[in-house]
Every structure is written in C-alpha cells, then in structure tokens.
Undergrad: 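Below you'll find the structure I mean.
Just so you know, these numbers come straight off a predicted model, no measurement behind them.
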Amino acid sequence: ILTSTALVFVYLQVTNVKAQIGGVHQQVRRLEDSLDLQSYGAVNNQISELDRIFIDRPELRPFFYENRDWPSKKLLRDRVTSVAERKLDFIDFWFTSALQMNLKRYDMQSWRNYFQRSFKQSRVLCDVLNDEKDDYGEELRSIAFKSGCTIVSPRERKSLDRLEKYFPPR
C-alpha cells in the first residue's frame, strides 16, 4: 500500500523526469538550429566568394551570365575553366550542406531558379560539368540536365528523375 507521502514522491519524480526530457528536447532543438545556421553560413560564404571573383575579374562574367562561348586565348580559357569548376563545386557543396539545413526555413524556389539559371546562362558551365561529371553528385547533374545541359544519357535520366524531391517540377 502506497502512502500519500510515497505518492507525492512518485509524482515529484515523474514531474522531474518530464522537466528533464523537456530540457533535453530544447537542447536538441538549439543544436539543430545552430547546425542549420552554420551550414547556411558556409553556403553564404561560398556564394560570396563567387561574387568576389566576378567583381575582381569582370571579363569572366559574360561566360557565366551571357552564355558566351569559350574564349580562344589559353590563359582566359584556363581562368574560365577554373571559375566553372569553382561554381560547380559550390553547387555540389550546397547539396551536401542542404542535408544539414532545415530546408523549410529557406526559399527553395529561389535556389532552384539560381541553379537552373546558372546552367542556362553558361554553356561553359555545362561543358566543364560534362567533362568532369564523375566528380559531382547526382543532384547537381540532375538540375543541370533539367536546365538543358546534355551531360547524361537517356538511360541515366531515369535514375535522375528520383531526385525530384530537391527540385520538383513547377
């Protein structure tokens, strides 16, 4: 037979455990928020570095925003290739970081538009991806393909269709 003192003790224990669980839940939520902010901060730093390239080297901009064809001069061609690889690395990094981010907090349509526009406005970006496609993930190849880059075979298209969760059709 439980006495009223024992019942009060059990009640206090249960209340204490509930409070501890609530505290742990709050800590987990704060940790998730912190990880999300760190991931998004890293993405922001990466895109700022890309912006800096185009500020410092405006002659490269038309190859990425005006669909200009490859330059004939080797030095400029090498620079364009390097920037294309940098931009592809950023997009690939974004997909890796997205795994750590709460995607409901961010405007996914804006990111989708940015990535699609990047490939539509830059044949050099598509060409470099085509040459180095094994270096990049399926998500990047999928958005490039859906933006008009011819980087995958029709057989690969089927496996890329399952990536619609990242960039569903409009």
Side-chain angles (χ1 to χ4, degrees), residues 31-170:
L31 186 60
E32 287 172 344
D33 289 346
S34 175
L35 184 58
D36 179 58
L37 289 173
Q38 287 175 11
S39 295
Y40 198 78
V43 165
N44 222 15
N45 288 339
Q46 296 274 329
I47 203 159
S48 293
E49 287 178 26
L50 275 171
D51 290 343
R52 173 57 56 196
I53 290 170
F54 295 119
I55 291 168
D56 293 344
R57 312 246 8 154
E59 72 276 10
L60 299 175
R61 191 172 173 77
F63 299 100
F64 296 91
Y65 293 96
E66 298 171 15
N67 218 5
R68 186 171 293 169
D69 208 358
W70 284 96
S72 57
K73 294 182 181 176
K74 182 173 178 4
L75 180 61
L76 185 55
R77 188 178 183 89
D78 290 345
R79 285 185 180 143
V80 168
T81 300
S82 294
V83 174
E85 289 170 337
R86 177 71 189 90
K87 191 157 189 168
L88 291 169
D89 289 345
F90 163 71
I91 297 170
D92 203 46
F93 175 78
W94 186 92
F95 282 107
T96 301
S97 297
L99 298 173
Q100 304 301 319
M101 294 187 303
N102 179 353
L103 298 178
K104 292 178 183 173
R105 291 183 176 177
Y106 306 105
D107 183 1
M108 295 304 296
Q109 187 61 45
S110 293
W111 283 110
R112 178 181 197 221
N113 293 343
Y114 171 74
F115 295 145
Q116 288 179 332
R117 195 171 50 253
S118 293
F119 289 109
K120 287 177 181 176
Q121 294 176 340
S122 179
R123 75 185 65 170
V124 299
L125 197 61
C126 291
D127 290 348
V128 171
L129 179 57
N130 190 43
D131 291 345
E132 302 176 12
K133 65 183 167 201
D134 293 336
D135 296 343
Y136 296 100
E138 280 185 295
E139 296 91 347
L140 186 149
R141 292 193 315 268
S142 176
I143 194 71
F145 180 77
K146 290 177 182 180
S147 300
C149 294
T150 53
I151 55 153
V152 294
S153 67
R155 186 176 51 91
E156 290 175 296
R157 168 81 171 127
K158 186 174 181 182
S159 73
L160 294 178
D161 280 340
R162 67 183 170 80
L163 298 168
E164 291 290 327
K165 66 181 178 183
Y166 290 106
F167 294 102
R170 291 183 180 187

Undergrad: Drop me the distance from Phe145's CZ to Asn130's CG, to the nearest 0.5 angstrom.
TA: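 Spacing of CZ (Phe145) from CG (Asn130) equals 11.5 Å.
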Undergrad: To the nearest 0.5 Å, tell me how far Cys149 SG sits from Gln116 CD.
TA: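 It is 11.0 Å, given to the nearest 0.5 Å.
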Undergrad: Just verifying a value: how many Å separate Arg68 CZ and Arg61 CZ, rounded to the nearest 0.5 Å?
TA: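 The CZ atom of Arg68 sits 12.0 Å away from the CZ atom of Arg61.
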Undergrad: How long is the span from the OG atom in Ser82 to the CZ atom in Arg57, to the nearest 0.5 Å?
TA: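 Ser82 atom OG to Arg57 atom CZ measures 10.5 Å (nearest 0.5 Å).
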Undergrad: Lys74: what forms a salt bridge (charged side-chain N to carboxylate O under 4.0 Å, His left out) with it, not counting sequence neighbours?
TA: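 By the salt bridge (charged side-chain N to carboxylate O under 4.0 Å, His left out) rule, Lys74 matches Asp78.
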Undergrad: Output all residues satisfying side chain to side chain donor-acceptor pair (under 3.5 Å) with Asp56, sequence neighbours left out; order by chain, then residue number.
TA: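 Here the qualifying residues are Arg52.
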Undergrad: Checking Phe64 against Leu50 for the side-chain contact (heavy atoms from CB on, under 4.5 Å) test, could you report, in this order, the C-alpha distance in whole Å, the side-chain angles of both residues, the deciding distance, and whether it holds?
TA: CA-CA 11 Å; Phe64 296 91; Leu50 275 171; over 6 Å; no
Undergrad: Do any N or O atoms from the side chain of Ser142 and from the backbone of Glu138 form a donor-acceptor pair under 3.5 angstrom?
TA: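 No, the answer is negative, given that no donor and acceptor are paired below the 3.5 Å cut-off.
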Undergrad: Who pairs with Glu49 by salt bridge (charged side-chain N to carboxylate O under 4.0 Å, His left out), at least two apart in sequence or on another chain?
TA: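 Expected list: Arg86.
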Undergrad: Where do Ile143 and Phe115 come nearest, in terms of heavy atoms and distance?
TA: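 In terms of heavy atoms, the two residues are closest at CG1-CB, 4.0 Å.
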Undergrad: With no hydrogens and no angle check, is any side-chain donor or acceptor of Arg123 less than 3.5 Å from a backbone partner on Asn67?
TA: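 Indeed, once roles are kept as given, a pair shorter than 3.5 Å links the two residues.
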Undergrad: Phe54 and Val83: which non-hydrogen atoms are nearest, and at how many Å?
TA: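 That would be CZ-CG1, 3.8 Å.
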Undergrad: At their closest point, which heavy atom of Pro71 faces which heavy atom of Leu76, and how far apart are they?
TA: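 For Pro71 versus Leu76, the nearest heavy atoms are CB-CD2, 3.6 Å.
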Undergrad: Under a 3.5 Å distance rule, please check whether Arg141 uses its side chain to pair with a backbone N or O of Tyr136 as donor and acceptor.
TA: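 Here the side-chain-to-backbone pair exists.
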Undergrad: How long is the gap from NZ on Lys120 to SG on Cys126, to the nearest 0.5 Å?
TA: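 If we round to the nearest 0.5 Å, Lys120:NZ and Cys126:SG are 11.0 Å apart.
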Undergrad: Could you tell me which non-hydrogen atom of Leu140 sits nearest to which non-hydrogen atom of Leu88, and how far apart they are?
TA: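 For Leu140 and Leu88, the tightest heavy-atom pair comes out as CD1-O, 3.3 Å.
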Undergrad: Could you tell me which non-hydrogen atom of Ser118 sits nearest to which non-hydrogen atom of Leu125, and how far apart they are?
TA: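 Minimum heavy-atom separation between Ser118 and Leu125: O-CD2, 3.6 Å.
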Undergrad: For Trp94 and Phe90, I'd like to know if the aromatic rings sit close, meaning centre-to-centre distance below 6.0 Å.
TA: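 Ring-ring flag for Trp94/Phe90: false, centres at least 6.0 Å apart.
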Undergrad: Between Val128 and Ala84, which heavy-atom pair has the shortest distance, and what is it?
TA: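 Smallest heavy-atom distance, with atoms named: CG2-CB, 3.7 Å.
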Undergrad: Could you tell me the separation between the CZ atom of Phe93 and the CG atom of Asn45, rounded to the nearest 0.5 Å?
TA: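 Result: 8.5 Å between the selected atoms.
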